Amino acid sequence: MKRLLAWLTAVFCVIIPLTSAAPASDPAPPVSGQATVDLREETVYGILDAYGTQEELMAVVRLRVASPGHYTDGGKYAQVVNLTNSMQPTLGPDGVSWAFAEAYPEFYYQGKLPDAQPPFSLCVSYTLGGEAANPSALAGASGRVGIKLDVSPSEGAAAYFKQNFMAQVQLELPAEAGDIVSAEGAANMLTGGTRTLSFTVLPGKSASFAVEIEARDFALDAISMAMMPYQLDAMMKDVLPEIDFDEFQSGAAAMKTGAQQLVDGTVALETGAQQLSDGLGQASSSAGQLVDASKQLSIGMTQLNNSMVKYQNLFEQYITGGDQFLLMMQSLTTSAGKLASGVAALDAALTQLNTASGELPTGAQKLIEGEKALQQGLAELQEALDALPGLLNPAGEDEPAPPVSFVTGEEGVTTVQFISRVPGIHAPEPLPEQPPVESPRSFWDRLLDLFR
């Protein structure tokens, strides 16, 4: 027993100094002057419910602090959390203030934004077997599952973000959860065991997408909507760096001018073709009258030729010694035959002329109709060329619009992007088996175990 008491005395002698001699932390160094911040980025996270309704909106701000000092970052926050260290901010009505004692290559903080709306809103609805279904009832279901995504510009979003930001909606589901039956307009990708369907919506546009899945054991990892600046020329330069898109835009402008000149030329062509059609109609009518007269002439000449043959036969039978007269009649008969043949050839030629002249107005009309189709095609080309600058630069400016902060509404931000997320649908995990509960043990019991 005496040995045990000696051991306990030694333990307490060691424990008590250790617990009472903790060193005091050094006070933070004083901060003076204004900090220099040369980079500011915003990523805005939207927390949505299963139907796409926004529940919270958080902005994560990244600062690159080049030199220490005081710094006030604008914005109306309901709450601010330092994500980098334990430095406490000062939250005011027009922003959040920091006292940077040193430079930071990366400093992150998170702020809750009240009553703010990202550029696009998302509405999600679900069906099972063609009937509306609660998303929680779909977990582990089998059968035909339908998911409809309605994307539209947010009414309360600033005009800058409506005009310059596009949306990309992604639906992720485990490959073993079912087979995709239909997903019109989607880019379908399979990565590992996850299938991703992606849909794109251009700035200021609304779109609806429907997905049907033949589910075996349905599960949905997530539905997310990313919103980022839409700059087609910049994206295409990344994809096709060998193409000079400035030259492409100049060529498109020249093509637009040429298309307008071609449209003007086709208008003149239409007028001339119409006049040609009217003139050919008159020529066709006159040619028809000429053909009728030529037919009558041909009939008369054929009768004359037949009569001359009969006269020749009569003279051959009854006239003797009239060789000279007979030769004259033979010559006349031959001439009459040639005349009849010539008139027949004239008749055929005039008939061909009549047929051709009858087709010419039809051909001219087809020319007019083809010209109108050409005009329509050129108008569509011109419309596409008119839309091209808007696609390359939705803001309609000569240069891309400079980034604007979503938090403050002012310039001075490097990049802004948005990510909204709908929670996934999964069957609840089975609860793990709980270990048996041990009866509570006293301090002395645990201490004595050290010496057993």
Side-chain angles (χ1 to χ4, degrees), residues 28-46 56-114 116-119 157-168 203 224-239 241 393-395 397-421:
V31 175
S32 61
Q34 296 294 320
T36 302
V37 175
D38 57 9
L39 181 143
R40 186 179 186 279
E41 296 179 316
E42 295 176 358
T43 302
V44 183
Y45 295 91
E56 286 187 347
L57 199 65
M58 300 284 186
V60 174
V61 179
R62 173 179 178 253
L63 303 176
R64 186 167 65 200
V65 183
S67 63
H70 294 279
Y71 177 75
T72 299
D73 203 12
K76 295 183 178 180
Y77 296 103
Q79 181 184 6
V80 174
V81 177
N82 184 345
L83 302 178
T84 303
N85 52 32
S86 59
M87 183 195 314
Q88 294 300 312
T90 301
L91 185 61
D94 297 323
V96 54
S97 297
W98 303 92
F100 296 118
E102 57 182 297
Y104 289 91
E106 292 183 337
F107 183 86
Y108 292 89
Y109 75 87
Q110 172 184 294
K112 183 178 180 180
L113 300 170
Q117 295 185 26
Y160 168 81
F161 295 99
K162 287 184 179 181
Q163 295 170 1
N164 293 279
F165 276 63
M166 61 177 285
Q168 185 178 65
S224 61
M225 181 169 63
M227 292 155 276
M228 68 286 292
Y230 176 73
Q231 294 177 355
L232 182 60
D233 54 347
M235 291 188 288
M236 293 301 292
K237 285 177 182 178
D238 292 337
V239 178
N393 184 12
E397 302 173 1
D398 295 335
E399 296 294 333
V404 173
S405 167
F406 178 74
V407 176
T408 66
E410 300 176 354
E411 298 180 13
V413 65
T414 307
T415 60
V416 181
Q417 59 185 347
F418 301 80
I419 301 175
S420 296
R421 190 176 180 88

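Position 1 is the first residue of the sequence, and the numbers go up from there. Remember, it's a predicted structure, so these values are computed and weren't measured experimentally.
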To the nearest 0.5 Å, tell me how far N82 CG sits from M87 CE. 6.5 Å
P89 and V96: which non-hydrogen atoms are nearest, and at how many Å? CB-CG2, 3.5 Å
Which donor-acceptor pairs under 3.5 Å do side chains of residues 98-113 form with protein atoms, sequence neighbours excluded?
residue : atom : partner : partner atom : Å
Y104    : OH   : N85     : ND2          : 3.0
E106    : OE2  : R62     : NH2          : 3.3
Y108    : OH   : R62     : NE           : 3.4
Y109    : OH   : D73     : OD2          : 2.6
Y109    : OH   : Y77     : OH           : 3.2

Inter-residue atom distance M58.CE - Y45.OH, 0.5 Å rounding: 12.0 Å
Test side-chain hydrogen bond (donor to acceptor under 3.5 Å, both in side chains) applied to R421 - qualifying residues, sequence neighbours left out: none
Show me, pair by pair, the donor-acceptor contacts under 3.5 angstrom made by side chains of residues 402-415, not counting sequence neighbours?
residue : atom : partner : partner atom : Å
S405    : OG   : E42     : OE2          : 2.4
S405    : OG   : V407    : N            : 3.1
S405    : OG   : T408    : N            : 3.0
S405    : OG   : T408    : OG1          : 3.1
T408    : OG1  : E410    : N            : 3.2
T414    : OG1  : R40     : N            : 3.4
T414    : OG1  : R40     : O            : 3.3
T415    : OG1  : E41     : OE2          : 3.3

Identified side-chain contact (heavy atoms from CB on, under 4.5 Å) counterpart of P118 within the set L57, I419, V44: L57
Among all residues two or more places apart in sequence or in another chain, which pass the side chain to side chain contact (heavy atoms under 4.5 Å, CB included) test with T36? A66, S67
Scan for salt bridge (Lys or Arg N to Asp or Glu O under 4.0 Å) pairs involving residues 82-98, sequence neighbours excluded, and state none if there are none. none
Do F418 and F165 have side chains that approach each other closer than 4.5 Å (heavy atoms only, starting at C-beta)? yes
K76, NZ atom: more than 12 neighbouring heavy atoms under 6.0 Å: no
Hey, could you give me the CD/OG distance between Q168 and S224, rounded to the nearest 0.5 Å? 8.5 Å
Quick one: which of V65, L63, V31 gives a side-chain contact (heavy atoms from CB on, under 4.5 Å) with Y71? L63
If I compare all heavy atoms of M227 with all of P119, which pair ends up nearest, and what's the gap? SD-CD, 3.7 Å
P203 vs N164 side-chain heavy atoms within contact, under 4.5 Å: no
Q417: what forms a side-chain hydrogen bond (donor to acceptor under 3.5 Å, both in side chains) with it, not counting sequence neighbours? T43
